[in-house]
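Each chain gets a letter, A, B and so on, in the order its sequence line appears, and its residues count up from 1.
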Protein chains: 2
Amino acid sequence: MSVGIRHDDLRRRNRAMVISAVRRAGQPSRTEIAATTGLSHSTISAISSDLIQEGILAESKSSETVSMKRGRPQVGLSLNPQAAAVLAVVLSLNFLSVAVIDYAGQVVAEEQRRLDTLTMSRDELIGECVAIVRRRLEDPDLDVQSVARIALAIQGITDSHARALLWSPITPQTNIAFADILEREFGIPAIMENDCNMMAVALRWRDPHRYRDDFIAILLSHGIGMGLVLKGELFTGTHSSGGEFGHMIHRPGGALCRCGRRGCVEAYAGNYAIWRNARQLSENAEPVADVSDAEMRALADRAREMDGPEREAYRKAGEALGFGLGSLFALIDPAPVAMVGASAAAFDLIEPALREAIAQTAGGQHSGSISFDTEPNELPLIREGCAMRALSFVDQEIFAPGAQGKPGTTRRDVA
Amino acid sequence: MSVGIRHDDLRRRNRAMVISAVRRAGQPSRTEIAATTGLSHSTISAISSDLIQEGILAESKSSETVSMKRGRPQVGLSLNPQAAAVLAVVLSLNFLSVAVIDYAGQVVAEEQRRLDTLTMSRDELIGECVAIVRRRLEDPDLDVQSVARIALAIQGITDSHARALLWSPITPQTNIAFADILEREFGIPAIMENDCNMMAVALRWRDPHRYRDDFIAILLSHGIGMGLVLKGELFTGTHSSGGEFGHMIHRPGGALCRCGRRGCVEAYAGNYAIWRNARQLSENAEPVADVSDAEMRALADRAREMDGPEREAYRKAGEALGFGLGSLFALIDPAPVAMVGASAAAFDLIEPALREAIAQTAGGQHSGSISFDTEPNELPLIREGCAMRALSFVDQEIFAPGAQGKPGTTRRDVA
DNA sequence: ATTATTTATTCCGAGGCTCGAAAAAAGTCG
DNA sequence: CGACTTTTTTCGAGCCTCGGAATAAATAAT
């Protein structure tokens, strides 16, 4: 079962801890690191001097930080941007984007492309992804050797090993082993991640104070997605990628969902559901493939203007989300919620019904204290999470590896 | 944030690992332990000789294990029963029980008592619990000094620190800090646990093969409770004790639940709900306080006999449980389920509707493969889980303590 | 009965790691 | 310019785990 701790693990873990302390804090001094990790100054000194020698960390020439304090000034440690690089690929409905990010987390190059994901064949879809990655890797400004990882975020269900896309609403294709394909093509370790999980990762990085140990990121878009962090860790299902919040059952036997079942939260709160209700179509009407953001904005404007079917559609969406959240909170206890995506801009229309619904549930006992944040733009968030995920992997698996394989040569020893 | 690993932690963790290996395996040899933990023979030898000297482990005189193998025979290590003892107290509806368990996990004494929990005052309730514990501790056969922990399992919501009962269906009283009360009274560390969580712990001990990393224990009783193990760990809410599966919303605005809200799973599947539906009372009828097991058995018999309101009541219960499980599975992926409690004996009546409902949900994609186990007797399970929980605590916190406090004196240094 | 073989356990020296204390370094303040 | 303060490095001590050799305890073979 669980394995004993060997002596060499110790150094490995403490190395990883120092690296992650630097990544979190930006430019901490050795003394600061000692304080946050609880390790002694001697240990930090030894580890950081190793890391500097290996080119992973660098002493930032404190520059014009006129400390105005007595005593020897602290010298900040920072991540060496050239230590490695990662690629963050985001594939969403009709849109593909890739960014090259250096080890310090800065975007050094990017490329975006529109494509018609719903109608593309399997090979076209894979081909586009491979091609866009290849173009970035062929950039003469980039040292290909330093690229340590490719992370691909996609809307849909991935398997538990973060290797394959099992199902996605953005394409009729299923079971695409993207991670293996990219790995084989470029010889660089690759992972697949769920977009909502990446949103959650990014939120945590952006505002660790608010999004610390337990919180929820909900994507309000054509479909409804969720990223969940519990006890400081991304919660993913055991077999597949993540909590399918959108497919919790809101009303048994209720409205027709895009997934073919009935009564899912998404069948009331997804864009297509709001659109369907606003047009006063039957709940059994086949979900439309796509509703443009402009059209949704128009719907929201009309709902704000007058009390009609549009407003009622948003009310129903709020109710579904509220009961869904209530059931979720019955299981995990209330936590801060971030509403992300285009429809988050219409959260003012959703919130009243949502709060009313949640107050009727077990999780709603403290419904007043549950706070909602909105962020209409999901793409930057997804990319950011993707990048951080990949960089954390480099931190832990490559620069603080286990028994076999010393660091130095950046990736060949892992691939 | 996360703290670095010190040098002394290493020994502590490996000690804990050896102890837990012995607890799991029963009578493993040093060689076996080395194999399961991945530590070297030398290390295991050193640690186990320490543990034997401290009286925590003992070499079991292999006795008549005629190994018939060549080579030096293995000598089994076992837990020294006298190393410590724990008390497992279980408080449920109208029933209080306590068991004294030695360090090896054997029950050495027990006592049970009927009492009318629903009508007792706060002081009476506390008084009974304190009194029954005191009687066990005054047993001349018991070395009080060796009692290292009291664990109290109760049906209801406990706080996240396992110290207080926040709310329980078995008593109108709320906010009873049982753990603190017992600790103050006897000077022995105490914890409070949720009964369903303890069922899950016990199931895992009884059948680690079936109930390994992810599974669900559902208590079908007057109310509906759940114990959830995810990734090998008991999943408890972050603020309170556990997932309130029974209070997920099955039908918004539906049947009246004991908790005062509407449409909870429990309002369809709890004993009182089945009873209410079987009598064809309104869904708004006030839940009755208690339905005897005999009465429920009669209901089940009638349901089996003929297609009438009784059968329909069980069907509704199955439907509610099925949709609830489906929503749960949408979040955490399907896992084996154990149905525990008196109504588990009527699972034949519940199962068809349950499977039908679950098949209509996102989690039901592999509904055929979801397996259910039944166990009509919850009490032994709860007690067993309680005992194992307390013993694991002794293993880890007392016999493999952190920096301060060497073991030997069994508990004073912790209290 | 005695020796060879096999397997389990212990002993011992080597190598690593972290720690605390002391020393060195690099500033500010008067 | 020297005193003071704070950060960082250096150094020896103390643990811990590991691998290999030695020892122990049984069975199989002679």
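- I33(A) has its CD1 atom 13 Å from the P atom of dT7(D), to the nearest Å.
- In this view, E183(B) and R163(B) satisfy the salt bridge (charged side-chain N to carboxylate O under 4.0 Å, His left out) rule, not counting sequence neighbours.
- Residues satisfying the ring-ring contact (aromatic ring centres under 6.0 Å, His included) criterion with H41(A), sequence neighbours excluded, are absent altogether.
- Counting only heavy atoms from C-beta outward, the side chains of F215(B) and L203(B) approach each other to under 4.5 Å.
- Rounded to an integer number of Å, the gap from CG of L51(B) to P of dT10(C) is 12 Å.
- At least one side-chain nitrogen or oxygen of T31(B) sits closer than 4.0 Å to the OP1 or OP2 atom of dT9(C).
- Rounded to an integer number of Å, the gap from CE of M17(A) to C1' of dT18(C) is 14 Å.
- Among the nucleotides dT8(D), dT27(D), dA26(D), the one closest to any side-chain atom of R70(B) is dT27(D).
- Between the P atom of dC17(C) and the CG atom of D9(B) lies a distance of 16 Å, rounded to the nearest Å.
- Ring pair H7(A)/H7(B) is parallel by interplanar angle, where below 30° counts as parallel and above 60° as perpendicular.
- Remark: the S78(B) side chain and the Q27(B) side chain contain no N/O donor-acceptor pair separated by less than 3.5 Å.
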**Item:** Reading 5' to 3' through nucleotides 14-20 of chain D, protein heavy-atom contacts under 4.0 Å coded B for base, S for sugar-phosphate only, - for none
**Value:** BBBSBBB
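- Look at D50(A) and R11(A) and you find a salt bridge, because one of the NZ, NE, NH1 or NH2 atoms lies within 4.0 Å of a carboxylate O, short of that distance.
- For S45(B) and dT10(C), the shortest distance from a side-chain N or O to OP1 or OP2 is below 4.0 Å.
- Side-chain N/O atoms of R72(B) and base N/O atoms of dA8(C) include a donor-acceptor pair closer than 3.5 Å.
- With rounding to whole Å, R12(A) atom CZ is found 18 Å from dT18(C) atom C1'.
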